[in-house]
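This report refers to the structure that appears directly beneath it.
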Amino acid sequence: MLVEHPRIVAGGGALGARLREPRTLAVVAVCAVLALLIGLQVAAWLNGFGGPLASLARDYVGTPKSMSVPWAGLILALVGVNARRRVLAVAAAIGIDAVWVALRLLDGKPFTVGNGPTIVLTALAVIAAVRWRGRERADALKAAALGALLVLATKVGDVWLHVTSAVHPTVLDEYLVLADHALGDPSWVVGRVLDVLGPEVYAVLHWVYIELPVAAIVVAVWQLRRVVPTGQWPSHYLVRTFLVLGLVGPLFYVLFPVVGPMFAYGADGAGFQVGNFWPSMVPPIDRDPAALPFDAFTPRNCMPSMHTAWALSLFIHTRRDVDGSRAPAWLRLGGAFWLAATVAATLGFGYHYGVDLVAGAVLCLTVESALRAPERGWGLFRVRLVAFGAVVFAGLLVAYRYLAVPMAEYPVAAGAIVIGALTAVVLAFHATWFATAPHGVAQQPPVTTGPAPAT
């Protein structure tokens, strides 16, 4: 008779147990991220554009691509250290940035910041890994990893946008403009409204649109403010949703390539546009749509609208604190404003069709349902909700591609179905996560990470 090894019976195998250790998981995650960055950098070199490692190198010793993202990453990382170290880190980052700004200005280069927080974030992670121990080390490294992932995600996203245009010489805008008739052509409507409102409103909306990471950091810092004093991390918070959306959503860019109305139907199409319709005139219904040849550099990043998905996730996370209590008024108002302004910008700037926003909202609610309140497990309530969202999302994309002409010919019925599907997902989400949870009762109890400090 064969006797199984006791270590295999008890723990699923010594190798499996080893792989489940936090330190091993961290090493595997770091290796996977490095492999991804190296692979994307090689692909970038082969295709003649800058890659993530080259962009990251400029953040250290050159001109950073973004002024806000490095600082957002550092601020997120600082939730894992005490107040004294936060002050020292911010002071060091400001000092380094000041030196780099002076050197750039003396060399005749444009003003920008970002070197300081990138260098300090790296130093913080190294010091925590080498010198600190226990809960202090675990909290600092986890927070630093979140900050670094935020920065690296933007680098990977930039490369992915190049990939979308390289692999798809044609776009499907002619289908979406037809499907958008079912929603009343909102991009054209909002675009004309912004023209009337003038440059001041445009400037505010533009700032909101490009500084979405800043708003996310404000919410994330609020959610993680108790990490250092309590040693406890919430079971779920905004950064998790942001990162998963950034991983899943852009995959559909290569499945459903779209450039948006300002390019396909506006003067920014560089000669590839159908005509100069946006935003003054809605294109006539074309009952024989086809894939539209387009340039090799405009990103195909419209379907779904990730700005809408991220802004909606921000809105959701500003409704309640991580313990289930009602969030403060300033946070709730800020989340509502950021969602409304982002929707106005995505449509009014001609970046998206209305149907993109519907798909982005459904994707957000589906991903958030998969991640929210992990302590409740994967019961039927969660499986049913995630499956429902996934089916609606897939159904929308299929309808946009293969039923675009009927949607344009019967806009009232088609619009009612699209809005009805979105409303059904919203109501199911609210009923599952908000309607039954009383204020002040912890929906997501914090989970302690790392050993408690010695007393």
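The two residues P289 and V405 make their nearest non-hydrogen contact at CD-CG2, 3.7 Å. Nearest heavy-atom pair across A404 and L178 is O-CB, 3.6 Å. For G260 against C302, the heavy-atom pair with the smallest separation is N-SG, 3.4 Å. Closest heavy-atom contact between H168 and Y253: CD2-O, 4.5 Å. Contact between P213 and V69 at its shortest, heavy atoms only, is CG-CG2, 4.4 Å. G348 and L194 get closest at one heavy-atom pair: CA-CD1, 3.5 Å.
Annotation: side chain of Y353 is in contact with side chain of Y265 (closest heavy-atom distance under 4.5 Å). R104 is listed as a side-chain neighbour of N115, based on a closest heavy-atom distance under 4.5 Å. Side-chain contact between Y237 and R240 is present, with heavy atoms from C-beta onward closer than 4.5 Å. L56 places a side-chain heavy atom less than 4.5 Å from the side chain of L152. A 4.5 Å side-chain heavy-atom check between P304 and D356 finds every atom pair outside the cut-off. Counting heavy atoms from C-beta outward, S313 and C364 have side chains that approach closer than 4.5 Å. Inter-residue side-chain proximity for L150 and V239 is flagged as unmet; no heavy-atom pair is nearer than 4.5 Å. Taking the side chain as every heavy atom from C-beta outward, M407 and V418 approach each other to under 4.5 Å.
A distance-only check finds a donor-acceptor pair linking the side chain of W160 to the backbone of P250 [under 3.5 Å]. Checking side-chain atoms of D180 against main-chain N and O of G354 turns up a donor-acceptor pair under 3.5 Å. Distance alone, capped at 3.5 Å, is enough to place a donor-acceptor pair between the R192 side chain and the P279 backbone. Side-chain atoms of R226 do not come within 3.5 Å of backbone N or O of Q232 as any donor-acceptor pair. Proximity of a side-chain donor or acceptor of W310 to a complementary backbone N or O of F242 within less than 3.5 Å is detected. Under a 3.5 Å cut-off, the side chain of D139 and the backbone N or O of V81 do not form any donor-acceptor pair. Distance alone, capped at 3.5 Å, is enough to place a donor-acceptor pair between the R382 side chain and the G377 backbone. A distance-only check finds a donor-acceptor pair linking the side chain of T164 to the backbone of R300 [under 3.5 Å]. For the pair Y400 (side chain) and V355 (backbone), a donor-acceptor distance under 3.5 Å is present. Judged by distance alone, the side chain of T298 and the main-chain N or O of F294 form no donor-acceptor pair under 3.5 Å.
At a cut-off of 3.5 Å, with distance as the only test, a side-chain donor of K155 or S55 sits close to an acceptor on the other residue. H236 and T241 share a side-chain donor-acceptor pair at under 3.5 Å.
Between Y351 and F349, the ring planes lie perpendicular to each other; the angle is over 60°, past the 30° to 60° tilted range.
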Starting from the C-alpha separation in whole Å, work towards a yes-or-no answer on side chain to side chain contact (heavy atoms under 4.5 Å, CB included) for V274 and D173.
-> CA-CA 10 Å; V274 175; D173 286 73; over 6 Å; no
Could you give me the CA-CA distance, side-chain angles and deciding distance for I217 and W71, then say whether side chain to side chain contact (heavy atoms under 4.5 Å, CB included) is met?
-> CA-CA 10 Å; I217 291 304; W71 274 102; over 6 Å; no
Please walk me through it: do H181 and D185 pass side chain to side chain donor-acceptor pair (under 3.5 Å)?
-> CA-CA 5 Å; H181 284 318; D185 307 294; 2.7 Å; yes
Let me see the working for W100 and F111 under ring-ring contact (aromatic ring centres under 6.0 Å, His included), right down to the final yes or no.
-> CA-CA 9 Å; W100 277 105; F111 172 86; over 10 Å; no
Verify ring-ring contact (aromatic ring centres under 6.0 Å, His included) between W222 and W330, making sure each step is shown before the conclusion.
-> CA-CA 12 Å; W222 171 261; W330 66 267; 5.7 Å; yes
Give the C-alpha distance, both sets of side-chain angles, the deciding distance and a yes or no for ring-ring contact (aromatic ring centres under 6.0 Å, His included) between H307 and Y209.
-> CA-CA 8 Å; H307 261 78; Y209 188 85; 3.8 Å; yes
When you look at Y60 and T122, which way does the side chain to side chain contact (heavy atoms under 4.5 Å, CB included) test go after all the steps?
-> CA-CA 10 Å; Y60 282 106; T122 306; 2.5 Å; yes
Worked check of side chain to side chain contact (heavy atoms under 4.5 Å, CB included) between V228 and R86 = CA-CA 11 Å; V228 171; R86 290 172 188 168; 3.7 Å; yes
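Because its NZ or CZ atom is not both nearer than 6.0 Å to the ring centre of F388 and within 45° of the ring axis, R384 does not count as a cation-pi partner of that residue. In this structure, R401 fails the cation-pi test against F256, since its NZ or CZ atom is not both closer than 6.0 Å to the six-membered ring centre and inside 45 degrees of the ring normal.
Partner of D321 under the side chain to side chain donor-acceptor pair (under 3.5 Å) criterion, chosen from R225, R326, Q223: R225.
In this structure, CD1 in I316 is found 6.5 Å from CZ in F434, a value given to the nearest 0.5 Å. Here the CG-CZ distance, from L422 to F393, works out to 12.5 Å after rounding to the nearest 0.5 Å. M306 CE to T346 OG1: the interatomic distance, rounded to the nearest 0.5 Å, is 13.0 Å. Note that CG of L238 is 8.0 Å distant from CD of E368, once rounded to the nearest 0.5 Å. Note that the OG1 atom of T170 and the CD atom of E174 stand 10.5 Å from one another [nearest 0.5 Å]. Here OG1 of T112 is found 8.0 Å from CG of D97. Values are rounded to the nearest 0.5 Å.
Within 6.0 Å of the CZ atom in F277, the count of heavy atoms belonging to other residues, nucleotides or ligands exceeds 12.
T366 meets the side-chain hydrogen bond (donor to acceptor under 3.5 Å, both in side chains) test with no other residue; sequence neighbours excluded.
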